[in-house]
Structure formats: C-alpha cells, structure tokens
Amino acid sequence: MTQTRKFPALDWFRLAAAIFVIAIHTSPLIDFSSAADFWLTRVFARVAVPFFFMLTGYFLARNQFTRLPHVWKRTALAYGAAMSLYLPLNLYAGGMTLPEALQKIFLTGTFYHLWYLPATLFALPFVWMLCRLFAKTRVRGRRRRFNGGLPGLKGALCAASVLYMLGLFGDSYYGFTAYVPVVRSGYDALLSIIGYTRGGLFLATLFILLGAALRQKSYSTHVSIIGFLASLATLSAEAAWLHSLNAPRHDSMYVMLPVCMVFLFSLLLRYNEGRSAFARDTSFIVYLIHPWCIVLVRGAAGVLGLETLFVTNSFVHFCAVTILSVGLAALPFIYRSLVGRMAKPSPTARAWRELDTNALCHNAAVLQDHLTADCALMAVVKANAYGHGAVEVARILQKKCGVSAFAVACVTEGIALRKAGIRGEILVLGYTDPAQSFLLCRWRLTQTVVDEAHALALSTQKKRINVHLALDSGMHRLGIPATDLDAIRRIYALNSLRITGVFSHLCIADSLTPEAKAFTQQQLTAFYAAIDVMQRAGLQPGKIHVQASYGVWNLPAQPCAYARVGIALYGVQSDNAPVAHPLPLRPVLSLRARVATLRTLQPGERAGYACAFTAQRPTKLAVLTIGYADGLPRNLPACGAHVLLHGCRAPLVGRLCMDQMLVDVTDICNVTPGDIATLIGEDSGATIHIQELAEQCETITNELLSRLGSRLPVYQVER
Ligand SMILES: *Cc1c(COP(=O)(O)O)cnc(C)c1O
C-alpha cells in the first residue's frame, strides 16, 4: 500500500475545459492570427463541452446509472440558479416572445453558454431509456451480463452515433444539405424549433454514453497519445476543409470529434489518480460565471478608460476574464479553507479518533473503480464502521462518494443510519428476532434470512419486509444450505417476504494457499450453481453478492450486483499476509491521546499496578490519557507496542490501566504535558500502522478497530 504522488487529471482537465470555453467566447488569438484563433476556438477548444458530458457518463456508469436521478436533480438546480443569475442580462438585452423563451429555457439555454445544462437534462433520461430499450434484447445469464458491462450500452451507443451523424448536418455539415432541397427544408424546419443540433438529443447523448463506455474499456497510454494526436490532426483538417467550403452553420460537431474525445479521455484516465476538490468545484463555477465576467471586464474597462488594453486587445481581454472568473470561483474555496482551518483548532479531548475523509473517499473511489460497472460497492459499516463512527462514515460515503448501499450487523445499527439521513439499501447481515420485523419495515431495512426457520418466522409477522437470502456455501455459519433447492423453493413460496437478493460469505478467501483457494472455488461454484438452479426454476434471485474485502483483493471480478466491503474501505488489511491484487488504499483512522504528566524514576523504582515496571536506569515516564476502557487490548504493553511522540517511538511499559497508560520517554527530549501522542497513524513523518499493532497483539486489525471508541470522539480531518 505505497503512496505515490497523485495527479487527478480528470479534475484538472475540468478547469482547463472551463477556460477553453472562455477562449471560445473571447477569441484570445484573433489579434495575432485569424488562422490560429480559428484553430483554437473552433477546433481545439471544442473538446471542452463534450468532455463535461463524458465525465457525467463516466461517473454515472460507476454505479450503473443508479445515481442518475440525483445528478439530474442537481443539474436542474444548477440550471435554475444559472437562469436567475443571467436574468438581469436577459432583461437588459430586451424582451423575447414566448416561443423564443420556451426554446431558450428547454433547448438552447437562457444565455448563450448555458445550452450545456438543458442538454444534460434532456440527455440523461434519454440515455437511460436507450440503455433500457437495448438491454431488453440482451441474452439472459450472468456471464453475458458480466462481459457486456452496462446492459444495453452497445445498442444505445449505435443509436446515439446515428443521431450524432444526423446532427452534423444541422451544424458544421449544414452546407451539404443544400444539395437536396427536401433535406435542407427539413433541417431548416427542425432548426427553427430546436435552434441548434448541438444539444441533448444529437450531441450530449453520444458523449455521455462514450464516457460510460470508457469506464469499461480504455486505451493504453501509447495508443491514447498517438490516437489523440492523429485524430486531432484529422479533426483540424476536417474543420479547415469544411470552412473552405463555407459549409458550417455552427462549429460544435465534427465527424472526428468523438474519436478525438475517446483518445483524449483515455489518456486522462491513464494519469488520473485521486481528486482535486478545488479544480472540481471551481471549474463549474468558472463555466457558469464567465459571461458575467466578460460583462464586468468590459464595464470596468469602460469606466476606467482602459478599453484599448482590456477589450480591444483580445489576448489581454481573455486573460482578464479568465483571472476574474477563476478568482471569483475560488472565493468560496478560499473562504472555506480559511474558516475550516479556524474552526478546527486541535482537539481538546483527552483522547480521540481522527477520521481522514479524503482517505475514505479515495478508498471508496479506488474500490468502485476496481469493481466492474455492474457491481456496486456495499459499504459495510457494522460495529460503528469498524470503530470509525458509522454515522460519520456513512454520511461521507453517501454525500461525497456516491455510495448507496450499506451493510450493518443488527437492526439498531440500521435504524441509527436511517435516523442520520442515510438513504438507499441497508442490509442487516445478522439475525433479527422476527418480533422486530415491524422495525425492519418501519425503517426500510433489508433483513438477511439466516435459515428456513427464520424465514418462516419472519413471514408470519404482519409486515411485509425485504430480505436477502443467505446461502451457506461451506462456511457453516449463517444461511440455507446452497444445495437445498427445496428449502429455497419453500421460502420463495412465502408471500410475505419480498426476496430482493441472495448472497453467500467466503470464509477463507484471505488465504492464498492452494488448499484455501480450492475451498474458495468450491464455495463460489456452490453459490453460482444454486443461483443457476434458482433461475432455471423461475425463482428470481435479485441482487447477488459474495465478495467481502478479501474476495475483492484475492478473486477476479465476480458477476455480482454488490461487493460487501468492510476492512478495505478503511484502508487496511486484516493482517500483513499478501493479497493477489493489492489496491492503493490509505488508512482512514488515526488514534491520539495526550501526555497528562511526566514522572522521573530512579533505578530500582517501580511504577503502575502490580508494580509491573521497574526502572533499570534513570527513567522518564509519560502518563497518557487513554486506556483499555477506550478499546485497547489490556496486554498491549506486553506485546511490545509503542506510541509516537514528536515523531519518535516510545515503548509502553507496566500494566495498561482502564483510562491511562505509561510510556517510557527517557530517550525523547522535550516531552511536556499536553503533547499529543499517536497510537495509530502518522506523526512527524513516522507511522504506526495498525497492521503492525495487530500483529504484535496476535489479532487482526478488524478486532482492534471495532473495539475502539466507546468514549473517543471522532474528528474529521482532510489529509
Ligand atoms: C463483516 C462482513 C463483511 C465485511 O467483511 P470485510 O472482510 O471487513 O470486508 C461482509 N459480509 C459479511 C456477511 C460480513 O459479516
């Protein structure tokens, strides 16, 4: 789990693309060379808006478009805000007729650059519909679904390509329609209604789908670079040729543009790691506000009598608009980071947990990227999210990472999440007393059926609840035996259970020995055989899932709807054993306490309960404000554990107390009361990894983490 320097290429290209859009609207090079300006603003910068559409498709495909309603709503809100922002300019420009207003609101955008938003609003549901339409023709069966990725994508792409071709003739190929008068008048009639063919139907649909397709397959670095340069050259030639013929009505759609975009996007994906909240947040605002900035720059230049410099000189004009737009867009960011820093003084608690929200989001993204487009991340947040704070973790995952499925161990954990505003699926993995099924119903929790008797008892309750069937494929913990089709059939016959999923759990997927791998393979075979038999018997399994963290690390991609990931989400392995597919995850939790006081002992003096420590030399001990009641194992000192103080390791000594512990700081200078000690995590370049601690205590990180916390507050930090 090494960390390399990350470069979030997709996020930074957003900002670049927003600046390209400014270029399109300010023609920076026109004073120097009209050919160069033509190339920049009519050819090269035209990658900007298709790039935004592709990003939308790329991110939606991560969860099989389940986030589509959410993205649509957000886009609609943004459009509403943008319309009000430009209302003063619309009013200033003078009135328009009702048909004009309708055309602008629903198709071309109420201000010239805003067309992107209504286009997205149209294209999102349209893309979904196309995929559904073509998915119907899909062959049934899991292999096929797995290989095909997003169902219906290929067919939808073909349809969208045809639409794009048709759109070309209303855009840069418009001149050619003159050869066939019927076609010309057809296009003219269409264009009088929709304004431009660049828009949702003819343009956005294709690029959103291309973005989605690139999640499944993109090109290597070499192919991407060569492909991009070659297609850009061809695109430039195409544009020059069309202009020499005077064919374009507009310059948004070229034959080579989609080809060029596929290679460009592939290339960015090669260099994309991590995310930049700054580039992400500012790029959209830059895009949104730059026409206002054009007005402001012109106005200010007029007032100051600097028009020759700031308006007539197109390059300075472009720079001024860009600097103003980026500066204004960055204001909320600067404000937030200032206020954030001020609002977060270092914790005053005696001991606390730190939850690195960036690491958590990074891990969720790494895992989602690693899983196939068909397989969504089900975040396992049982046991207070392995000691990280379930509500905090689930909120971050829901809000920032697009996670919409969660798993908990029991009903109370599920209810706590719902009360904290967590939507989507929440699966209770453990046994629930059937008498509590009204709670399952009331809080819309999905219950695991642990065996046939449990199914029967749940079904006799008044409430109809959602369940997932656990199949026992060899672990012999929970589940109906995977081979017992009769039992499964009887459970399906129980009307008051709505079976929305079937799953199994692997018990030795963390081991890579040949015997372990063979056992896991047997489990998988038993699980999929049961699913096949069920499907053939006409029993719908719904969402199937079998991988937990080690299933993700050690198995190839599975044809499932979910992967239930716990420990990997928190950025650590259970132990130090190697895994087949290591992922670049980052630990999320740090654990810190304070130095309460310092003691100096002479040789032979003793300290702590049972006088368990005897000083062998003049010794300085620090008393730390954390103990076994905070969740630490009582045998920690005997295990050879250390803490970090000023970036140096100090060994634990004596007996661990309920609320305190002793560490030997003789070899560390300048330790003073109030200093922060790190039990897990990084301090001044040194790190105590929880896997190391788990190994010392002969346990796994899962146990250490999940026991933490009964009275340790959680502080969210961003690293
Ligand atoms: C806890 C649990 C998981 C998560 O396991 P990790 O190894 O932490 O990813 C998945 N499935 C079931 C049934 C579990 O009980």
Side-chain angles (χ1 to χ4, degrees), residues 6-21 45-76 78-79 82 113-128 131 149-150 153 156-157 160 164 198-200 203-219 224 228 252 257-288 329 361 364-365 368-369 373 400-402:
K6 290 169 288 157
F7 181 65
L10 285 182
D11 284 346
W12 282 104
F13 199 80
R14 282 179 203 242
L15 193 55
I19 294 172
F20 294 165
V21 177
R46 296 290 163 175
V47 302
V49 179
F51 170 75
F52 287 122
F53 288 131
M54 288 176 82
L55 266 184
T56 307
Y58 181 76
F59 283 108
L60 280 175
R62 183 155 79 188
N63 300 327
Q64 279 195 291
F65 282 70
T66 47
R67 300 256 305 159
L68 195 145
H70 175 79
V71 173
W72 196 92
K73 232 189 306 178
R74 255 194 3 208
T75 312
Y79 188 35
H113 68 308
L114 293 179
W115 67 273
Y116 162 75
L117 293 167
T120 308
L121 291 176
F122 174 87
L124 285 179
F126 186 65
V127 159
W128 183 81
C131 287
L150 203 66
L153 183 65
L157 261 175
Y164 186 83
R198 68 158 192 203
L203 186 142
T205 303
L206 177 65
F207 287 109
I208 290 175
L209 286 164
L210 283 176
L214 281 166
R215 179 163 289 277
Q216 282 155 38
K217 180 178 163 31
S218 58
Y219 297 101
S224 304
F228 173 62
S252 288
L257 186 58
V259 184
C260 191
M261 289 310 302
V262 166
F263 288 119
L264 173 61
F265 207 93
S266 274
L267 186 61
L268 292 171
L269 285 178
R270 293 283 128 206
Y271 292 98
N272 188 51
E273 209 199 317
R275 44 196 65 201
S276 159
F278 173 78
R280 203 175 259 228
D281 293 353
T282 43
S283 57
F284 185 66
I285 302 177
V286 167
Y287 164 78
L288 216 57
C361 290
Q368 280 167 325
D369 284 345
K400 299 200 177 155
C401 317

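All values derive from a computational prediction rather than experimental measurement. Here, residue 1 is the first one in the sequence, and each next residue gets the next number.
- The two atoms that bring V127 and L209 nearest to each other are CG1-CD2, 3.7 Å, heavy atoms only.
- The shortest non-hydrogen separation linking V262 to Y219 is CG1-CE1, 3.7 Å.
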Review item, side-chain donor-acceptor pairs of residues 13-20, under 3.5 Å, at least two apart:
residue	atom	partner	partner atom	Å
R14	NE	D11	OD1	3.3

Go through the steps for L153 and Q216 under the test side chain to side chain contact (heavy atoms under 4.5 Å, CB included), then give the verdict. CA-CA 11 Å; L153 183 65; Q216 282 155 38; 3.9 Å; yes

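- Atom CG of L10 sits about 3.5 Å away from atom CG of N272, to the nearest 0.5 Å.
- The line from CG of L264 to OG of S266 is 9.0 Å long, rounded to the nearest 0.5 Å.
- A distance of 9.0 Å separates CG of L203 from CZ of R198, quoted to the nearest 0.5 Å.
- For the salt bridge (Lys or Arg N to Asp or Glu O under 4.0 Å) test, residues two or more places apart in sequence or in another chain that qualify with R215 are D369.
- Residues F126 and I208 fail the side-chain proximity criterion, which asks for heavy atoms closer than 4.5 Å.
- When all heavy atoms of L121 and W72 are compared, the closest pair comes out as O-NE1, 2.8 Å.
- Atom CZ of F278 is surrounded by more than 12 heavy atoms from other residues, nucleotides or ligands within 6.0 Å.
- Residues passing the ring pair (Phe, Tyr, Trp, His ring centres under 6.0 Å) test with Y58, sequence neighbours excluded: F265.
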Check against side chain to side chain contact (heavy atoms under 4.5 Å, CB included), L124 and L60: CA-CA 10 Å; L124 285 179; L60 280 175; 3.6 Å; yes

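- Atom-to-atom distance recorded for T120:OG1 and R74:CZ is 11.5 Å, nearest 0.5 angstrom.
- When all heavy atoms are compared, the tightest approach of K400 to C361 is CB-SG, 3.8 Å.
- Residues forming a side chain to side chain donor-acceptor pair (under 3.5 Å) with T56 (at least two apart in sequence, or on another chain): none.
- Remark: R270 engages S218 in a side chain to side chain donor-acceptor pair (under 3.5 Å) (not counting sequence neighbours).
- Remark: S252 pairs with R46, H250 by the side chain to side chain donor-acceptor pair (under 3.5 Å) rule, at least two apart or across chains.
- Residues meeting the side-chain contact (heavy atoms from CB on, under 4.5 Å) test with A329, sequence neighbours left out: T282, I285, V286.
- Annotation for G200 and A123: closest pair O-CB, 3.8 Å, computed over non-hydrogen atoms.
- Residues that satisfy the ring pair (Phe, Tyr, Trp, His ring centres under 6.0 Å) test with F65, not counting sequence neighbours, are absent from this structure.
- By the ring pair (Phe, Tyr, Trp, His ring centres under 6.0 Å) test, Y116 pairs with F52, F53, Y287, sequence neighbours left out.
- Among residues two or more places apart in sequence or in another chain, the side-chain contact (heavy atoms from CB on, under 4.5 Å) test is passed with P118 by Y79.
- With sequence neighbours left out, F59 forms a ring pair (Phe, Tyr, Trp, His ring centres under 6.0 Å) with no residue at all.
- For A78, the side-chain contact (heavy atoms from CB on, under 4.5 Å) criterion is met by F284, not counting sequence neighbours.
- Contact record, W12 with F7: CD1-CE1, 3.9 Å, taken as the closest heavy-atom pair.
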